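This is a predicted model, so every value here is computed, not measured. Each ligand, and each atom within it, is numbered from 1 in the order the structure gives. Side chains are part of it too, since the values below use all heavy atoms of this structure and drop only hydrogens, waters and symmetry mates.
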Amino acid sequence: MTFLEKIYLPAILGGIVITVKHLFRRSSTIRYPEKKREVSEVWRGQHVLKRDDNGAERCTACGLCAVACPAEAITMVAAERNKGEEQLYREEKYASTYEINMLRCIFCGLCEEACPKEAIFLTDRILPTDYTRNDFIFGKDKLVEKVDQRIDVSKRQTPEVAEFKQQKKLSHNR
Ligand code: SF4
Ligand code: SF4
């Protein structure tokens, strides 16, 4: 080692210069969750189970989303609709339990593509953080949209899908 290398001073000064330079540079990180980055309207975030125009749950517990899910993150229990529950559930069969394990989910969107009832969509909402594994199993209380707080997924639907939904003579849309 040369004399300068032996006393380490140039290396120490070089390190300080680099640190000071970074103090004045624009940070590439943000103070999440106080600040949030804007994400695309078709960004694949937290799922929503949609209601129809009358407020009834669209999901008919057919299980296609669970079959399509490569992470095996979706589980559900189907139940039959009782008389008088027409306002709650759109079809004769509904999901009495519907759960997504968010720790398994890879946000691929295949559940959304598989659903024939337009019941499940991924949204631009960022998944909240938590401390225990159980809190990441989202049930209907977190997934089904509130009647008075609808979640707009129109940006995720292609014009062809929107046009298809207008055809009320199709049983799919009734
Ligand atoms: S987004 Fe993909 S991984 Fe997540 S629940 Fe849907 S199908 Fe499964
Ligand atoms: S979300 Fe769609 S695909 Fe999944 S069970 Fe309900 S209706 Fe079937």
Side-chain angles (χ1 to χ4, degrees), residues 32 36-174:
Y32 182 86
K36 286 182 182 150
R37 282 195 206 286
E38 268 191 35
V39 294
S40 157
E41 283 157 337
V42 290
W43 195 72
R44 295 200 291 259
Q46 186 180 331
H47 311 60
V48 62
L49 284 175
K50 293 291 290 174
R51 294 176 183 276
D52 68 9
D53 293 345
N54 301 320
E57 290 178 18
R58 298 183 74 95
C59 175
T60 183
C62 66
L64 285 177
C65 51
V67 173
C69 177
E72 297 183 359
I74 303 175
T75 50
M76 75 192 69
V77 177
E80 269 187 47
R81 185 180 71 185
N82 292 321
K83 221 171 169 213
E85 291 182 332
E86 291 78 7
Q87 292 303 312
L88 299 175
Y89 312 111
R90 193 160 171 261
E91 314 265 345
E92 285 159 7
K93 207 172 80 168
Y94 70 96
S96 58
T97 304
Y98 189 107
E99 289 179 345
I100 301 181
N101 184 335
M102 293 299 181
L103 294 177
R104 278 177 164 257
C105 177
I106 52 171
F107 299 93
C108 61
L110 288 180
C111 48
E112 179 180 322
E113 282 186 35
C115 181
K117 300 292 178 183
E118 292 187 47
I120 188 164
F121 288 91
L122 279 73
T123 68
D124 59 357
R125 296 173 300 167
I126 293 173
L127 209 70
T129 53
D130 226 312
Y131 294 101
T132 63
R133 298 183 77 81
N134 274 348
D135 288 333
F136 285 98
I137 297 172
F138 280 28
K140 285 180 72 175
D141 55 326
K142 290 184 182 162
L143 294 171
V144 178
E145 69 178 342
K146 307 275 177 287
V147 178
D148 53 349
Q149 290 169 19
R150 295 306 185 95
I151 293 166
D152 182 15
V153 291
S154 56
K155 291 283 187 318
R156 309 189 70 80
Q157 293 171 311
T158 60
E160 289 79 14
V161 171
E163 192 184 316
F164 175 78
K165 280 174 67 181
Q166 297 305 316
Q167 300 177 35
K168 296 294 180 199
K169 63 175 186 288
L170 298 176
S171 59
H172 180 281
N173 298 325
R174 286 199 288 268

- Message: Looking at ligand 2, is there an atom of it that comes within less than 4.0 Å of some heavy atom belonging to Ala114?
- Response: no

- Sidechain N-carboxylate O distance under 4.0 Å for Arg150, Glu145: yes

- Would you mind listing which atoms of ligand 2 come within a distance below 4.0 Å of any non-hydrogen atom of Pro116? 3 (S)

- Parallel, tilted or perpendicular: rings of His47 and Phe107 (30°, 60°): tilted

- For atom 3 (S) of ligand 1, the protein heavy atom that lies nearest, with its residue and separation: Ile106 N, 3.3 Å

- Message: Measuring from atom NZ of Lys93 to atom SG of Cys59, what distance do you get when rounded to the nearest 0.5 angstrom?
- Response: 9.0 Å

- Item | For Phe107, atoms of ligand 1 separated by under 4.0 Å from a heavy atom | 1 (S), 4 (Fe)

- Item | Salt bridge flag under 4.0 Å for residues Glu112 and Arg44 | no

- Query: Say you draw a straight line from CD of Glu72 to CD1 of Ile74; how long is it, rounded to the nearest 0.5 Å?
  - Reply: 11.0 Å

- If you scan protein heavy atoms around atom 2 (Fe) of ligand 2, the nearest is Cys115 SG, 2.3 Å

- Message: Taking N, O or S atoms only and a limit of 2.8 Å, check whether Cys111 reaches atom 2 (Fe) of ligand 1.
- Response: no

- Numbering the atoms of ligand 2 from 1, which are under 4.0 Å from a heavy atom of Thr60? 6 (Fe), 7 (S)

- Message: Taking only non-hydrogen atoms of His47, do any sit less than 4.0 angstrom from ligand 1?
- Response: yes

- Under 4.0 Å to a heavy atom of Ile120 - the qualifying atoms of ligand 2, by number: 1 (S)

- Note on the structure: Counting from 1 in the order shown, the ligand 1 atoms closer than 4.0 Å to a non-hydrogen atom of Ile74 are 5 (S)

- Classify the contact between Arg104 and ligand 1 as side chain, backbone, both or neither, using a heavy-atom distance cut-off of under 4.0 Å. neither

- Side-chain contact test, heavy atoms from C-beta onward, threshold under 4.5 Å: evaluate it for Cys105 versus Phe138 and give yes or no. no

- Message: Taking 2.8 Å as the cut-off, does Cys69 contribute an N, O or S atom near atom 8 (Fe) of ligand 1, distance below it?
- Response: yes

- Message: Below a 4.0 angstrom heavy-atom separation, can you tell me which part of Met76, side chain or backbone, both or neither, approaches ligand 2?
- Response: side chain

- Among side-chain atoms of Asp152 and Ser154, is any donor-acceptor pair under 3.5 angstrom? yes

- Task: To the nearest 0.5 Å, tell me how far Arg156 CZ sits from Leu122 CG.
- Result: 5.5 Å

- Query: So which heavy atom in the protein is nearest atom 6 (Fe) of ligand 2, and how far is it from that ligand atom?
  - Reply: Cys59 SG, 2.3 Å

- Contact between Gly109 and ligand 1, counting heavy atoms under 4.0 Å? yes

- Message: Please determine whether the number of non-hydrogen atoms from other residues, nucleotides or ligands lying under 6.0 Å from atom CG of Asp53 exceeds 12.
- Response: no

- Item | Gln46 side, atom CD; Met102 side, atom CE - distance, nearest 0.5 Å | 5.5 Å

- Query: To the nearest 0.1 Å, how far is atom 4 (Fe) of ligand 1 from its closest protein heavy atom, and which atom is that?
  - Reply: Cys105 SG, 2.3 Å

- Note on the structure: Paired with Glu57, the salt bridge (Lys or Arg N to Asp or Glu O under 4.0 Å) test is passed by just one of Arg81, Arg90, Lys140, namely Lys140

- Steps toward side-chain contact (heavy atoms from CB on, under 4.5 Å) verdict (Asp124, Lys155): CA-CA 10 Å; Asp124 59 357; Lys155 291 283 187 318; over 6 Å; no

- Per-atom filter on ligand 1: closer than 4.0 angstrom to a heavy atom of Cys108 are 1 (S), 2 (Fe), 3 (S), 7 (S)

- For Cys65, the ligand 2 atoms with a heavy-atom partner under 4.0 Å come out as 1 (S), 3 (S), 4 (Fe), 5 (S)

- Message: If the cut-off is 4.0 Å to any non-hydrogen atom of Cys62, which atoms of ligand 2 fall inside it?
- Response: 3 (S), 5 (S), 7 (S), 8 (Fe)

- Note on the structure: ligand 2 atoms nearer than 4.0 angstrom to some heavy atom of Ala61 are 5 (S), 6 (Fe)

